[in-house]
Amino acid sequence: MTEPRLYRAPPALLAGRNILVTGAGAGIGRAAALAFAAHGATVVLLGRDQPRLETCYDAILAAGGPEPVIQVLDLKEADDAACGALNAQIVEHLGCLHGILHNAALLGPRTPLEQYPSARWLDVIAVNLNAPFVLTRALMPALRAAPDASIVFTTSGVGRRGRAYWGAYAVSKFGIEGLSQVLADELANTSSIRVNCVNPGPTNTAMRREAYPAEAPHGNPDPERIMAAYLYLIGPDSRGCTGGSFDAQAR
Ligand code: NDP
């Protein structure tokens, strides 16, 4: 099997494919949306901040990519009604969905569990874990309408080994690894949908700078530099690869 982080994507890898990216307005999600469009995908840009999504939309058009779709949704509010309506819109206007990159997340407080505010816990779990479940479930009809499709969840090193003070964020990423494994197992013999996790590794984004304020930001790669694994997992070259959890960078 190809090592995802070493993959070299052909220029037209995603031509004719429709891919939804959550948290597409900033950081890794924005870089992924731009990379997917640069490889031919029509990207559904989902996020809570319309101006940021519009900036990403403009950047995709300026680079000559297919016209994207903007979907404003605060994932804290993601429910069956909102996500079901999105599924109906995608089926009506695009026909089907070839991939979802679940990328949006909240860091939340970095504090001992004894002091962790319960309301913030609920917010982090809502955005990082509940929303990917609700959104995936609602979008299954659009995914099943594609000849093959890929669901990519975003994990983290602290979702594989717990670490002090990472609170709900770490727990949500453990949950994401579990969600991905359960769904992959359920879909393996009943569909052509593959399901995997990607861990971006330390990447120069607002979240990383918030988590490690003392770190030199440019010691970590910019999001554009870690796209190989994302392109591999979202695109058709990863057909047959399911239930895995991969690193976008060498450890
Ligand atoms: P950023 O904070 O830079 O970007 C997060 C994105 O998620 C933003 O676009 C943000 O929107 C969006 N988002 C947050 N909350 C919501 C919400 N309620 N509804 C809709 N969108 C929301 O983070 P990164 O780019 O660094 O992180 C991307 C993913 O990678 C995350 O899953 C993160 O856990 C993971 N990760 C990142 C690492 C790193 O070093 N950067 C390391 C390991 C994992 P808005 O622009 O409105 O704030």
Side-chain angles (χ1 to χ4, degrees), residues 5 20-35 43-57 59 70-79 82-83 86 100-108 110 119-120 122-135 151-161 163 166-177 179-180 196-213 215-227 229-230 233-234 245-251:
R5 67 185 170 80
L20 184 143
V21 178
T22 72
I28 295 168
R30 176 187 157 92
L34 284 161
V43 184
V44 181
L45 307 168
L46 189 150
R48 61 183 170 178
D49 185 311
Q50 181 152 358
R52 283 188 178 176
L53 297 176
E54 284 170 355
T55 306
C56 184
Y57 176 103
I70 289 182
Q71 177 65 47
V72 179
L73 177 65
D74 184 338
L75 290 170
K76 211 164 82 175
E77 317 293 334
D79 59 12
C83 297
L86 176 59
I100 306 176
L101 171 61
H102 290 286
N103 161 84
L106 285 176
L107 179 62
R110 302 275 323 283
R120 302 285 303 280
L122 295 175
D123 283 351
V124 172
I125 298 293
V127 172
N128 296 12
L129 180 58
N130 296 344
F133 161 69
V134 173
L135 188 58
I151 301 170
V152 179
F153 293 102
T154 307
T155 185
S156 164
V158 294
R160 295 170 177 165
R161 170 104 202 142
R163 208 181 307 153
W166 282 81
Y169 178 86
V171 173
S172 73
K173 296 299 188 182
F174 270 86
I176 279 293
E177 295 264 2
L179 173 62
S180 179
N196 293 287
C197 285
V198 64
N199 171 18
T203 309
N204 181 21
T205 66
M207 183 185 288
R208 179 75 194 186
R209 293 189 293 273
E210 185 187 342
Y212 294 90
E215 193 177 68
H218 293 293
N220 297 315
D222 291 330
E224 297 72 25
R225 303 277 309 281
I226 63 158
M227 285 297 122
Y230 285 79
L233 291 171
I234 211 74
S245 187
F246 300 95
D247 294 321
Q249 301 184 48
R251 283 200 265 172

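In what follows, residues are counted from 1 in the order of the sequence shown. In listed order, ligands and their atoms are each counted from 1.
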Requested in this report: Name the closest protein heavy atom to atom 14 (C) of ligand 1, giving the residue it belongs to and the distance to 0.1 Å.
Outcome: A105 O, 3.5 Å
Query raised in the report: Would A78 count as a contact of ligand 1 if the rule is a heavy atom under 4.0 Å away?
Result: no
Query raised in the report: Looking at K76, which atoms of ligand 1 are within less than 4.0 Å of one of its heavy atoms?
Result: 18 (N)
Report summary line: Candidates P221, A131, G23, A206; heavy atom nearest atom 6 (C) of ligand 1 found on G23
Query raised in the report: If only atom types and distance count, is the side chain of D247 paired as donor or acceptor with the main-chain N or O of R5 below 3.5 Å?
Result: no
Query raised in the report: Can N220 and E215 be counted as having a side-chain donor-acceptor contact under 3.5 angstrom?
Result: yes
**Report entry** Contact check: I28 vs ligand 1, nitrogen or oxygen atoms, below 3.5 angstrom
**Finding:** yes
Report summary line: atom 41 (N) of ligand 1 sits nearest the protein heavy atom T205 OG1, 3.1 Å
Query raised in the report: Closest non-hydrogen protein atom to atom 46 (O) of ligand 1, residue and atom name please, with distance?
Result: R52 NH1, 2.5 Å
Report summary line: If you scan protein heavy atoms around atom 33 (C) of ligand 1, the nearest is Y169 OH, 3.5 Å
Requested in this report: Return yes or no for this condition: an N or O of S156 is under 3.5 Å from an N or O of ligand 1.
Outcome: no
Query raised in the report: Are N220 and ligand 1 in contact, using a heavy-atom cut-off of under 4.0 Å?
Result: no
Requested in this report: State if R30 counts as touching ligand 1 under the rule of any non-hydrogen atom under 4.0 Å.
Outcome: no
Query raised in the report: Between R110 and E210, does at least one N-O distance fall below 4.0 Å, as a salt bridge requires?
Result: no
Query raised in the report: Counting heavy atoms only, which of N103, N199, T155, L75 comes nearest to atom 19 (N) of ligand 1?
Result: L75
Report task. Considering heavy atoms of the protein only, find what lies nearest to atom 43 (C) of ligand 1 and give residue, atom and distance to 0.1 Å. Result -> P200 CG, 3.6 Å
Query - Which residue and heavy atom of the protein sit nearest atom 21 (N) of ligand 1, plus the separation - result: A104 CB, 3.8 Å
Query - Protein contact to atom 4 (O) of ligand 1 [nearest heavy atom, distance to 0.1 Å] - result: A26 O, 4.3 Å
